[in-house]
Enquirer: 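I'd like to ask some things about the structure below.
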Protein chains: 2
Amino acid sequence: MEKKLKTHPAYDERCPVRASLALLSGKWTLMILFQINKNTVRYGELKRSVTGISEKMLIQELNMLVENKLVSKKVYPQIPPKVEYQLTELGLKTLPIVDQLAEFGLENLV
Amino acid sequence: MEKKLKTHPAYDERCPVRASLALLSGKWTLMILFQINKNTVRYGELKRSVTGISEKMLIQELNMLVENKLVSKKVYPQIPPKVEYQLTELGLKTLPIVDQLAEFGLENLV
DNA sequence: AATAATTCTAACTTTTTAGTGAGTACCTAA
DNA sequence: TTAGGTACTCACTAAAAAGTTAGAATTATT
């Protein structure tokens, strides 16, 4: 269920680039962080804004991001349920990475 | 053999973040770019500096980086063979991404 | 004649990641 | 009473990425 952040004995487990990639290089991870951005976002909103993602992946990624403290989650005890997601301090620090990737892609790839 | 840079009809193929990730999110990709850095590096040197990588992955990644014009390759017609790799202009532009990831990892993860 | 060094290639297996499709519980509105 | 909206969970499958092992061509060295 959660992302393992696996390391491999053969290469440096403490490599900061590796560590960041282990956390962020999933197919949907940065998209989700970017969509949440500086807002407070409900699950359903995310489902709509991260186009193409399956519910399984969305929840799986959200859970892993919460576990890794990039995202915080607030559950309202209501029916029908309401759950809000937000970037933590740590999560906000990933936004410059997204920017950098976006800039590179925009200038050179797309 | 080469990385497909696959897209999925369901989500925006023109998303610059996706495009960058498709190119760079491989397990070894950024490591290789970082090791080449501003130098001219032989295959064997890379093999030693990117610790843990298999030859298959190294060549596979190098080929895909050359195909995608992030890396240039110079073959010397010698025996035993000598091949040098270098970052292109485009390849050099990925170094800030590595820096950003390194910084994030260093400050928050490692 | 055998060994080592160079840069790869190719076939195959395993592991990891992502996708699919169904179902749950509760309430509201038609 | 049926359908729709909420936020999920679960079992299974498929696809992608990475790992393993072996070997090739050439020359110099031992």
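In what follows, every chain begins at residue 1, and chains take the letters A, B, ... in the order their sequences are listed.
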Enquirer: If the condition is side chain to side chain contact (heavy atoms under 4.5 Å, CB included), which residues does Val50(B) pass it with, not counting sequence neighbours?
Expert: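 Here the qualifying residues are Trp28(B), Met31(B), Ile32(B), Gln35(B), Leu46(B), Ile53(B).
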Enquirer: Residues two or more places apart in sequence or in another chain: which of them pass side-chain hydrogen bond (donor to acceptor under 3.5 Å, both in side chains) with Lys93(A)?
Expert: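 Here the qualifying residues are Asn108(B).
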Enquirer: Tell me the interatomic distance from Leu21(B), atom CG, to dA18(C), atom P, rounded to whole angstroms.
Expert: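 To the nearest whole Å, that distance equals 11 Å.
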Enquirer: On DNA chain C, check which nucleotide each of Lys73(B) and Ser54(A) is closest to and give me the residue with the more 5' one.
Expert: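 Whichever sits nearer the 5' end wins; that is Lys73(B).
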Enquirer: Which of residues 36-49 of chain A have a heavy atom under 4.0 Å from DNA chain D?
Expert: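 The answer is Arg42(A), Tyr43(A), Gly44(A).
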Enquirer: With the side chain of Ile59(A) defined as its heavy atoms from C-beta on, choose the nearest nucleotide among dT20(D), dA18(C), dC8(D).
Expert: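 Of dT20(D), dA18(C), dC8(D), dC8(D) is nearest to the side chain of Ile59(A).
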Enquirer: Got a sec, which residues hit side chain to side chain contact (heavy atoms under 4.5 Å, CB included) with Thr94(B), two or more places apart in sequence or on another chain?
Expert: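 So Thr94(B) forms a side chain to side chain contact (heavy atoms under 4.5 Å, CB included) with Phe104(A), Leu24(B), Leu33(B), Leu70(B).
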Enquirer: Can you tell me how far P of dA17(D) sits from CE of Met57(B), to the nearest Å?
Expert: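 After rounding, the reported distance stands at 9 Å.
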Enquirer: What residue pairs, at least two apart or across chains, pass side chain to side chain donor-acceptor pair (under 3.5 Å) with a residue in residues 74-84 of chain B?
Expert: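 Qualifying pairs, neighbours excluded: Tyr76(B)-Glu84(B).
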Enquirer: Please list all pairs meeting salt bridge (Lys or Arg N to Asp or Glu O under 4.0 Å) that have one or both residues in residues 98-110 of chain B, counting only residues at least two apart or in different chains.
Expert: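 Applying salt bridge (Lys or Arg N to Asp or Glu O under 4.0 Å) to every pair that reaches into residues 98-110 of chain B, excluding sequence neighbours, yields nothing.
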Enquirer: Measure the distance from CG on Leu62(A) to P on dT9(D) and round it to the nearest whole Å.
Expert: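 Result: 11 Å.
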Enquirer: Measure from CG on Leu30(B) to P on dA18(D) and round the result to the nearest Å.
Expert: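 One finds 12 Å between P of dA18(D) and CG of Leu30(B), rounded.
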Enquirer: Rounded to whole angstroms, how far apart are CG on Leu23(A) and P on dT17(C)?
Expert: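 Value for this atom pair: 12 Å.
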Enquirer: Rounded off to whole Å, could you give me the CG-to-P distance for the Asn63(A) and dC10(D) pair?
Expert: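 So the two atoms are 11 Å apart, to the nearest Å.
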Enquirer: Could you tell me whether the side chains of Glu61(B) and Thr29(B) share a donor-acceptor contact shorter than 3.5 Å?
Expert: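 A pair is found: one side chain offers a donor N or O, the other an acceptor, under 3.5 Å apart.
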Enquirer: Is there any protein nitrogen or oxygen under 3.5 Å from a nitrogen or oxygen in nucleotides 25-30 of chain C, and what are the pairs?
Expert:
none

Enquirer: So which nucleotide from dT9(D), dA11(C), dA18(C) ends up closest to the side chain of Lys56(A)?
Expert: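 So the side chain of Lys56(A) is nearest to dA18(C).
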Enquirer: Just to be sure I understand the rule, does Gln78(B) reach a base, reach only the sugar-phosphate, or reach nothing, if contact means heavy atoms closer than 4.0 Å?
Expert: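 Since no nucleic acid heavy atom lies under 4.0 Å of Gln78(B), the category is nothing.
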Enquirer: Looking at every strand, decide which applies to Tyr76(A) at a 4.0 Å heavy-atom threshold: base, sugar-phosphate, or nothing.
Expert: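 The answer is nothing, as Tyr76(A) stays clear of every strand by at least 4.0 Å.
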Enquirer: So, using side chain to side chain contact (heavy atoms under 4.5 Å, CB included) as the criterion, who are the partners of Lys73(A) when residues are at least two apart?
Expert: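 Checked Lys73(A) against side chain to side chain contact (heavy atoms under 4.5 Å, CB included); matches are Asn63(A), Val66(A), Val75(A), Val83(A), Tyr85(A).
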Enquirer: Just to verify, what does Glu55(B) make a side-chain hydrogen bond (donor to acceptor under 3.5 Å, both in side chains) with, not counting sequence neighbours?
Expert: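 Testing Glu55(B) for side-chain hydrogen bond (donor to acceptor under 3.5 Å, both in side chains), a comparison that skips the adjacent residues, returns Lys47(B).
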